[in-house]
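Keep in mind the model is a prediction, meaning the values are calculated, not measured.
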Amino acid sequence: MKKIEKKVNRSFTNATPDVLDKVKENCNTAQYSSVSARAKRPQNLMWKVATCALAFVLIAVLVVGSVGLYGEYASAATVSLDVNPSIEIKLNNKQKVVSVTPLNTDGEIILGTMDLRGSNLDVVINALIGSMLRNGYLSDLSNSVLVSVDSSKSVYDSIVKKVTDEITVMLSDNQISASVLTQWIQSNDAVNALAKQYGISVGKAQLIHNIASKSTLYTEEQLVSLTVNELGIILGNLNITDGNLSQSGSSSEKSYIGSDAAQAAALSAAGASQSQATGLRVQ
């Protein structure tokens with residue numbers, strides 16, 4: 001019987017090994033880990049707060065920088081110059097030039113290799129009008145410039161004054177009496193279609209549309225081929241009043257010699273005298 005008890009006791013001991021020391025060791029390790037985790041938790045929290053704060057600072061910098069870049073390069077107004085050369089100038093909200101784009105072949109000649117981006121508007125007007133004078137597009141016989149501005153009304157008023165003054169002074173310095181036609185762009189589908197159909201600027205298309213809609217003497221098709229100076233003469237003769245369109249000075253008519261001069265030239269070419277031409281009338 002005793003032998004059987006010893007065997008059972010030995011089997012029970014083997015089945016339930018002594019793991020007390022190992023359990024104590026694990027408990028001590030878990031307690032240490034819990035304490036370490038609690039000790040590290042404030043540090044982790046501070047790191048997360050610092051990281052979030054830095055992220056917000058970076059976002060703020062990016063937003064402010066983006067707004068600055070938008071203000072620097074975004075277009076707040078568009079100014080078009082038409083003589084025969086057509087050139088488009090885009091301005092930012094500080095009236096600094098963002099871009100200068102020729103709209104036709106003559107405009108390309110006027111702009112040439114000049115890079116006017118970042119310049120003040122008056123500097124750009126001076127450079128472009130100076131080039132038009134040098135290349136013969138503006139003279140005593142053709143003294144008209146069409147200035148069209150696409151912007152808010154308050155910005156329009158300040159731009160028109162600045163541009164008109166600059167053009168007037170420059171032409172005056174070259175002994176030319178300037179005529180500056182200015183208009184606030186109010187383009188519509190008809191104007192845009194006209195500009196696209198004939199390959200002209202929206203500014204010139206709006207002027208043509210305006211004249212044709214207020215006079216039965218001309219059609220848009222008849223006016224398209226005319227120069228800005230010729231359109232200025234018509235505008236002056238019709239005395240069109242429009243709050244969005246005005247003209248300073250008179251467009252030059254010096255290229256038109258008049259009936260007396262035409263008759264004298266014809267008689268000279270025919271080898272006839274004035275007495276022989278008595279009773280004739282130049283039509």
For [X] and [Y], which heavy atoms make the closest approach, and how far apart are they?
X	Y	result
Leu138	Ser144	CD2-O, 3.9 Å
Glu88	Ser80	CG-OG, 4.2 Å
Asn244	Gln186	ND2-CG, 3.8 Å
Lys96	Gly118	CD-O, 3.7 Å
Ala127	Arg134	O-NH2, 4.4 Å

Answer yes or no: is there a donor N or O on one side and an acceptor on the other, between the side chain of [X] and the main chain of [Y], under 3.5 Å?
X	Y	answer
Gln206	Trp184	yes
Ser213	Asn210	yes
Asn104	Ser201	no
Asn92	Lys94	yes
Gln247	Ser179	no

Taking only residues two or more places apart in sequence or in another chain, which ones pass side-chain hydrogen bond (donor to acceptor under 3.5 Å, both in side chains) with [X]?
X	answer
Asp140	Lys254
Lys196	none
Asn126	Glu166
Asp115	Arg117

Distance in Å, [X] [atom1] paired with [Y] [atom2], rounded so as to fall on 0.5 Å steps:
X	Y	atom1	atom2	answer
Ser151	Asn93	OG	CG	12.5 Å
Asp106	Glu108	CG	CD	9.0 Å
Asn143	Ser177	CG	OG	6.5 Å

Taking the side chain as C-beta and beyond, is there a heavy-atom pair between [X] and [Y] under 4.5 Å?
X	Y	answer
Thr227	Asn84	no
Thr182	Tyr156	yes
Leu128	Leu116	yes
Ile110	Leu81	no
Thr101	Lys90	no
Leu91	Ile159	yes
Lys204	Ser86	no

Please identify each residue that fulfils side-chain contact (heavy atoms from CB on, under 4.5 Å) with [X], with sequence neighbours left out.
X	answer
Ser248	Thr164, Val180
Val123	Ser119, Asn120
Ala190	Asn188, His209
Ser142	Ser139, Asn229

Kindly work out whether a path of hydrophobic side-chain contacts (I/L/V/M/F/W/Y, heavy atoms less than 4.5 Å apart) joins [X] to [Y].
X	Y	value
Met114	Val79	yes
Leu141	Ile233	no
Val149	Leu103	no

- Other than Ile185, what residues sit in its cluster of Ile, Leu, Val, Met, Phe, Trp and Tyr side chains whose heavy atoms are under 4.5 Å apart, directly or through others?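 Taking Ile, Leu, Val, Met, Phe, Trp and Tyr as members, Ile185 shares its hydrophobic cluster with Val191, Val202.
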- Item | Hydrophobic cluster partners of Leu223 (side-chain heavy atoms under 4.5 Å) |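 So far as hydrophobic clustering goes, Leu223 is joined with Leu146, Leu181, Leu194, Tyr198, Ile200, Leu207, Ile208, Ile211, Leu217, Tyr218, Val224, Leu226, Val228, Leu231, Ile234, Leu235, Leu238, Ile240, Leu245.
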- Under the side-chain contact (heavy atoms from CB on, under 4.5 Å) rule, what do Ile129 and Met132 come out as? Steps first, then yes or no, please. CA-CA 5 Å; Ile129 295 299; Met132 290 184 190; 4.1 Å; yes
- Task: Return the set of residues passing salt bridge (charged side-chain N to carboxylate O under 4.0 Å, His left out) with Asp157 (not counting sequence neighbours), or none when no residue passes.
- Result: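 Per chain and number, Asp157 pairs via salt bridge (charged side-chain N to carboxylate O under 4.0 Å, His left out) with Lys153.
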- Query: With sequence neighbours left out, what residues match Lys162 under salt bridge (charged side-chain N to carboxylate O under 4.0 Å, His left out)?
  - Reply: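 Partners of Lys162 by the salt bridge (charged side-chain N to carboxylate O under 4.0 Å, His left out) criterion come out as none, since no residue qualifies.
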- Can you establish whether the number of heavy atoms outside Asp189 located under 6.0 Å from its atom CG is more than 12?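 No, not enclosed.
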